[in-house]
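Before any comments, here is the structure.
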Amino acid sequence: MASKLPVECLRKIFEELIKSDLISEPFTHNDAIVYSNLNHLYSCILVNRTWCTTAIPLLWKDPMHWLTVKNNNPVKQVIVPWKDQLHLYIPSAYARSGKLPLLISTYFACLPEKSRRSLKTNKAFKVPEEVIETTTYFDYPFFLRRLNLPTLINAVSMWSQQHHSTDELFDEDTDSEDVLPADVLTEKLIKMFLERSVNLTYLSYIKLPISLQNDVGHIKINIAGFPGSKLTLSKITSFHFNACALKKPEKYYQCLARICHSIENLEIRCLCNDSKGLAALIGSQQGLVKLLIHGGANYYGYNGYISKFNYQNITRALLKKVRDLTYLNFQCTGIPLETFASCTKLEQLLLDANYYQNVDKFIKSDFSHLKSLFIKDGSFLIDHQITIIQNSGGFITEIVNSTNEPRDPDNLTKFYETVIEFCPKLTTLEYYICKDQFSLVPILFNKCNQLQKLTLHSTNLQAEPVEINDVLSKMGEEIPEKLQRIDIPWHFTFSADSLESFLEGCQKRLKEPLRLEASMSTDEHQEILEQYVSLGVLRNNPSKFIEVIIYFILFYFFFLKK
């Protein structure tokens, strides 16, 4: 029966199979997709020839990324906060397992025989004859949709080390093909991709997690000058790069500006200089909808962080091209925030610049499509956030503030009142709270009845204990039926009776077990918790202490112990 399914149906099924296992993080990498499990799709290629030929293109559309995911590990990710929310998917296991060199071996077999033979004659290589003669059943480069250059360079380096001739000594400073085998092979593979990966849509100069194992240095290869680049790169819709990783960035930008005009997702990191070439690249785009821009060096001035640079050329280019943005991740102090005042279609907004120029015009603009607001620094005032929420269209579902301490805590009450009035569809709220605002939580539950996650932070780690018995009982009466998690600051205390009253309300209203994080140290509290865990009202989760210990153990083994 399965073999009689049309190929089009099989393809749709396989695509949904992948989608069911992917995780998307909108506030990290602009186009970052993590495929948590490809074992099911891999099994499909073993069924019969039709299933195999249908599944193989999906498996080989992004192999460099997929090999950074360890499928059989229950701990899927280790989050390193200081890596700008980059999710490191335990890459060390794969870096040592030889998966990437095997990928290069497959691509090596896809090279024209003449190219393989020429590498055989290179004195720095020691490639077995069977590797030279190996051919593939599929044209794997044709299936490639996403190309990450740092990971490719790293993978080729690992492959070259396996096939390097120990009899030959070479000088790393020379440009001879005989002494730089990795560079030679990398250029040949890139040339092959540009000639045969005609549906390439994603290009990245930013290291994937596995690339963090080795420093690939500056990327010297200007792929825009390769044969076939004009046709292939003209289809790029996602372009991600680290300006510090490019050897001669101006030349890159100018070449790409002449070729790439369809970039929708643009990620710019470590931007330390105003660039006419980059301004030309931005200005040549016809449909930019997602932008992440991260400025480079700053210094601490009298009134706070001030950028060393004034990005006049880039600012002028952005002014003309950001009108249709739906996603903005802004982390650049050298560009005035008013540059994005015309972005009336924004759905996701992340601000983390430490210092902002010309804020007023931006916060007073139209945010009628905004769904997610993420603030990662304390320089962007609560009062500014209130204005944005007031100018929204009532579609906001996420508000997250992960700063250390708000600069204007006096506006916290007004913030919660604004959320209650303007955010009826809110599902996630992570914010600061003081004793004066806690009485508003039951009202928040009543008005924002779609809430699924509520994380409340203390504005002062040295705060005196705050008793919330009466409020906690009212929270149980109004708790949204879809709420899955609530975090209460450690110094907000409550009695066992009020906890039981709260959980009785949860038992009546909640559809799923609740994860409750709060300070409960007495035996009476613990008995009540165990009772409602057994009733299916609460989730049985490890304590925060255990979670912290697990985190540091993982960090030690995978990042410090090499």
Side-chain angles (χ1 to χ4, degrees), residues 372 396-402 412-413 415-459 463 465-548:
S372 299
I396 294 180
T397 59
E398 294 178 288
I399 300 177
V400 177
N401 190 320
S402 60
L412 275 173
T413 299
F415 169 81
Y416 280 95
E417 291 173 347
T418 303
V419 170
I420 290 170
E421 181 179 357
F422 291 93
C423 303
K425 297 185 178 181
L426 194 68
T427 60
T428 300
L429 177 61
E430 180 177 342
Y431 220 82
Y432 295 91
I433 197 164
C434 294
K435 61 179 181 180
D436 296 334
Q437 295 85 46
F438 207 86
S439 60
L440 295 174
V441 175
I443 304 174
L444 176 73
F445 281 173
N446 180 270
K447 297 295 184 180
C448 304
N449 53 26
Q450 302 299 312
L451 201 63
Q452 298 177 19
K453 179 182 177 182
L454 177 64
T455 300
L456 302 172
H457 299 302
S458 172
T459 58
V466 178
E467 183 266 312
I468 57 169
N469 288 328
D470 292 340
V471 179
L472 190 64
S473 299
K474 293 178 182 177
M475 286 168 56
E477 297 172 3
E478 301 288 349
I479 192 166
E481 60 182 18
K482 296 181 180 179
L483 193 69
Q484 300 174 8
R485 173 169 179 166
I486 179 170
D487 292 65
I488 301 175
W490 66 273
H491 63 90
F492 285 78
T493 62
F494 45 86
S495 66
D497 290 339
S498 61
L499 172 62
E500 186 168 20
S501 176
F502 168 74
L503 293 176
E504 287 175 354
C506 293
Q507 186 176 18
K508 296 176 182 177
R509 296 176 61 85
L510 291 181
K511 289 187 174 181
E512 297 181 5
L514 175 71
R515 176 171 178 174
L516 175 62
E517 296 288 354
S519 178
M520 293 171 284
S521 57
T522 69
D523 292 340
E524 193 173 358
H525 282 90
Q526 294 301 324
E527 290 177 3
I528 294 173
L529 289 177
E530 292 174 4
Q531 175 187 347
Y532 281 90
V533 166
S534 63
L535 292 173
V537 178
L538 292 177
R539 295 183 186 180
N540 189 11
N541 296 299
S543 68
K544 286 187 176 181
F545 175 77
I546 296 176
E547 291 179 347
V548 170

Legend entry - Least distance between heavy atoms, F494 atom then S519 atom: CZ-O, 4.3 Å
Inset, instruction - Could you walk me through whether R539 and Q484 pass the side chain to side chain contact (heavy atoms under 4.5 Å, CB included) test, one step at a time? - result: CA-CA 9 Å; R539 295 183 186 180; Q484 300 174 8; 3.9 Å; yes
Legend entry - Rounded distance (nearest 0.5 Å) linking atom NZ of K474 with atom CD1 of I468: 12.5 Å
Legend entry - Candidate list I479, D487, L444, test side chain to side chain contact (heavy atoms under 4.5 Å, CB included), partner L454, passing option: L444
Legend entry - Intermediate values then yes/no, side chain to side chain donor-acceptor pair (under 3.5 Å), T493 and E467: CA-CA 5 Å; T493 62; E467 183 266 312; over 6 Å; no
Inset, instruction - Taking all non-hydrogen atoms of both residues into account, name the closest pair between S458 and H491 and its distance. - result: OG-NE2, 2.9 Å
Legend entry - Aromatic ring pairing Y416/Y431, orientation class (parallel under 30°, perpendicular over 60°, tilted between): perpendicular
Legend entry - Audit row: F502, L514, side chain to side chain contact (heavy atoms under 4.5 Å, CB included) steps and yes/no: CA-CA 12 Å; F502 168 74; L514 175 71; 4.1 Å; yes
Inset, instruction - State whether the side chain of N469 and the backbone N or O of S495 hold a donor-acceptor pair below 3.5 Å, judged by distance alone. - result: yes
Inset, instruction - For L472 and F492, run side chain to side chain contact (heavy atoms under 4.5 Å, CB included): C-alpha distance rounded to whole Å, both residues' side-chain angles, the deciding distance at 0.1 Å, then the answer. - result: CA-CA 10 Å; L472 190 64; F492 285 78; over 6 Å; no
Legend entry - R515 side, atom CZ; I486 side, atom CD1 - distance, nearest 0.5 Å: 13.0 Å
Inset, instruction - Might you point out which heavy atoms bring M475 and P442 nearest each other, and give the distance in Å? - result: CG-CG, 3.9 Å
Legend entry - Residues S372 and E398: side-chain donor-acceptor under 3.5 angstrom: yes
Legend entry - Nearest non-hydrogen partners of C448 and P480, listed with the distance: O-CG, 3.9 Å
Legend entry - Side-chain donor or acceptor of E527 paired with backbone N/O of E524 under 3.5 Å: no
Legend entry - Rounded distance (nearest 0.5 Å) linking atom CG of L451 with atom OG1 of T428: 7.0 Å
Inset, instruction - Hey, could you give me the NZ/OG1 distance between K453 and T427, rounded to the nearest 0.5 Å? - result: 10.5 Å
Legend entry - Pair I399-F415, side chain to side chain contact (heavy atoms under 4.5 Å, CB included): steps then yes or no: CA-CA 11 Å; I399 300 177; F415 169 81; 4.0 Å; yes
Legend entry - Atom pair CG/CD1 of N446 and I420 - distance to nearest 0.5 Å: 9.0 Å
Legend entry - Nearest non-hydrogen partners of H525 and L499, listed with the distance: CD2-CD2, 3.8 Å
Inset, instruction - Look only at the side chain of S498 and the backbone of S473, and say whether a donor-acceptor pair between them is shorter than 3.5 Å. - result: no
Legend entry - CD-CZ distance between Q452 and R485, expressed to the nearest 0.5 angstrom: 13.5 Å
Legend entry - Closest non-hydrogen atom pair between E417 and L440, with its separation: CG-CD1, 4.2 Å
Legend entry - Neighbour count >12 (heavy atoms, 6.0 Å) for atom CG, D470: no
